[in-house]
Number of protein chains: 2
Amino acid sequence: MPRAGLDPAAVVAAGAALADEVGLPHLTMGLLAERLGVRTPSLYKHVGGQEDLNRRIAALALGEAADAVGDAVRGWAGRDALAAAARTFRGFVLEHPGRYAATIGVEPSGPDDPVAVAGRRLLDAFTAVLRGYRIGEHDVDHALRTLRSLCHGFATLQAARGFRWSTDVDESFDWLIDFADRGLRAMENTPP
Amino acid sequence: MPRAGLDPAAVVAAGAALADEVGLPHLTMGLLAERLGVRTPSLYKHVGGQEDLNRRIAALALGEAADAVGDAVRGWAGRDALAAAARTFRGFVLEHPGRYAATIGVEPSGPDDPVAVAGRRLLDAFTAVLRGYRIGEHDVDHALRTLRSLCHGFATLQAARGFRWSTDVDESFDWLIDFADRGLRAMENTPP
DNA sequence: CAACCGAAGCTAACAAGATTAGCTTTTGGC
DNA sequence: GCCAAAAGCTAATCTTGTTAGCTTCGGTTG
């Protein structure tokens with residue numbers, strides 16, 4: 001009987017892919033094992049259990065999102081950068097709803113936790129967008145949280161089919177980008 | 001042996017309260033039964049199972065949130081109404097994270113599903129806020145989705161301890177309200 | 001007032017899923 | 001070719017959700 005040749009990274013990657021396919025709540029150790037051509041207990045040679053698997057999927061997702069948003073923003077500034085970041089982020093969540101869902105509610109164990117590191121990289125990518133606006137030093141954290149809330153809120157609501165009536169969702173997202181751009185510019189030059 | 005005297009509403013109310021206490025993922029039929037002084041299978045006389053319970057908690061939560069936001073907005077307009085709605089909504093989510101979490105991802109079975117009815121009432125409360133801004137008829141849906149994304153995003157991120165660094169979260173939310181107010185006013189008078 | 005019947009509860013049993021223990025086998029380095 | 005560590009497997013346990021079928025309470029009715 002040939003060996004499957006798994007390692008933690010392969011298990012996590014397959015888990016993330018499967019979560020995207022069937023939805024995080026339906027990601028089960030048995031289903032993942034089947035997908036990998038292995039019996040369930042074998043997975044425990046590579047990951048510590050369901051919670052550990054979830055954390056690793058979360059770190060993977062945050063890292064991928066950070067890469068995607070960072071790449072998309074590079075070379076742009078102001079409204080262009082904002083639009084690129086927002087669209088890329090939403091695209092990532094819609095393409096990978098399962099692994100993104102895994103990021104919600106994970107508590108990093110410390111500053112060196114891969115989840116914390118990747119999360120910080122994603123925030124950095126959004127911070128870069130804000131540099132194109134004259135936000136006062138003291139307001140950058142607020143603006144970052146607000147921008148994150150906007151993108152996270154829209155993307156997760158759409159991924160959960162939360163926008164039910166007929167108006168075109170992509171059009172709404174364009175409107176949102178316009179709204180954010182104008183809102184950020186309206187917040188410029190506020191004294192610290 | 002005296003009878004417990006349960007009914008579906010009591011089970012759902014206790015389930016919602018318990019979800020708020022221990023977190024929705026830890027709301028278990030056994031724990032709920034224990035809380036109600038009853039054996040687990042007895043719950044099935046009142047609710048159809050875990051999924052049905054979740055739907056009913058969601059409908060309860062959406063109705064309560066709609067009531068709260070609707071009450072808070074009454075008598076106000078413009079920025080005041082926006083601030084009242086946003087603060088009340090966030091307050092509800094932070095006080096009742098478990099039952100609000102139950103609302104995420106429920107698919108109403110039809111327009112008469114209690115979840116759909118309550119959800120519509122909550123949206124109506126936010127729609128009332130937008131009447132204080134001169135948003136073009138054609139843009140109201142977009143503005144509503146954007147406002148919802150903002151409030152939902154911030155509240156759920158905060159409830160999940162997503163804002164980790166030191167800046168004061170309440171201050172950020174005030175900033176967000178200001179941002180939304182200015183953004184909405186910046187979107188006024190856009191031709192349809 | 002007693003018989004009755006439906007609802008509310010209970011016990012027992014089963015199914016799914018996560019996890020652990022302990023055994024077997026492959027495989028890479030000597 | 002040998003051998004230890006790693007990778008996989010089977011068997012078993014534990015927790016949860018759920019169903020079946022029995023029992024009993026409590027209001028209704030003759």
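Residue numbers begin at 1 in each chain, while the letters A, B, ... track the order of the sequences.
- For A:Arg39 and D:dA11, the CZ to P distance is 10 Å, given to the nearest whole Å.
- Atom pair B:Leu36:CG and C:dA8:P shows a separation of 14 Å (rounding to whole Å applied).
- We find that CG of B:Leu24 is positioned 15 Å from P of D:dT16, with the value rounded to whole Å.
- Across the protein-nucleic acid pair, A:Leu43 atom CG and D:dA6 atom P stand 18 Å apart, rounded to whole Å.
- The phosphate of D:dC9 (OP1 or OP2) has a side-chain N or O of A:Ser42 nearer than 4.0 angstrom.
- The separation between B:Asp7 atom CG and C:dA8 atom P is 8 Å, rounded to whole Å.
- Distance, A:Leu6 CG to D:dA6 C1': 12 Å, rounded to whole Å.
- A:Trp165 carries B:Arg145 over the face of its six-membered ring, with the cationic atom under 6.0 Å from the centre and within 45° of the normal.
- In this structure, A:His96 has its ring center closer than 6.0 angstrom to the ring center of A:Phe92.
- In this structure, A:Tyr44 atom OH and D:dT10 atom P are separated by 16 Å, rounded to whole Å.
- If you check C:dA18, C:dG9, D:dT18 against the side chain of A:Met29, the one that comes closest is C:dA18.
- Both A:Lys45 and B:Val38 lie near DNA chain C, and the one whose nearest nucleotide falls closer to the 5' end is B:Val38.
- Looking at the side chain of A:Gln50, the nearest of the listed nucleotides D:dT18, C:dG9, C:dA18 is C:dA18.
- Taking the ring axis of A:Phe173 as reference, the NZ or CZ atom of A:Arg90 stays within 45° of it and closer than 6.0 Å to the ring centre.
- Regarding contacts with the backbone of C:dG9, a side-chain N or O of B:His46 is found under 4.0 angstrom from either OP1 or OP2.
- Of the candidates D:dG17, D:dT19, D:dT10, D:dG17 carries the atom nearest the B:Thr28 side chain, counting heavy atoms from C-beta on.
- Using a 4.5 Å heavy-atom threshold, the side chains of A:His26 and A:Glu21 count as separate.
- Distances shown here put every side-chain N or O of A:Thr40 at or beyond 4.0 Å from the OP1 or OP2 atom of C:dT19.
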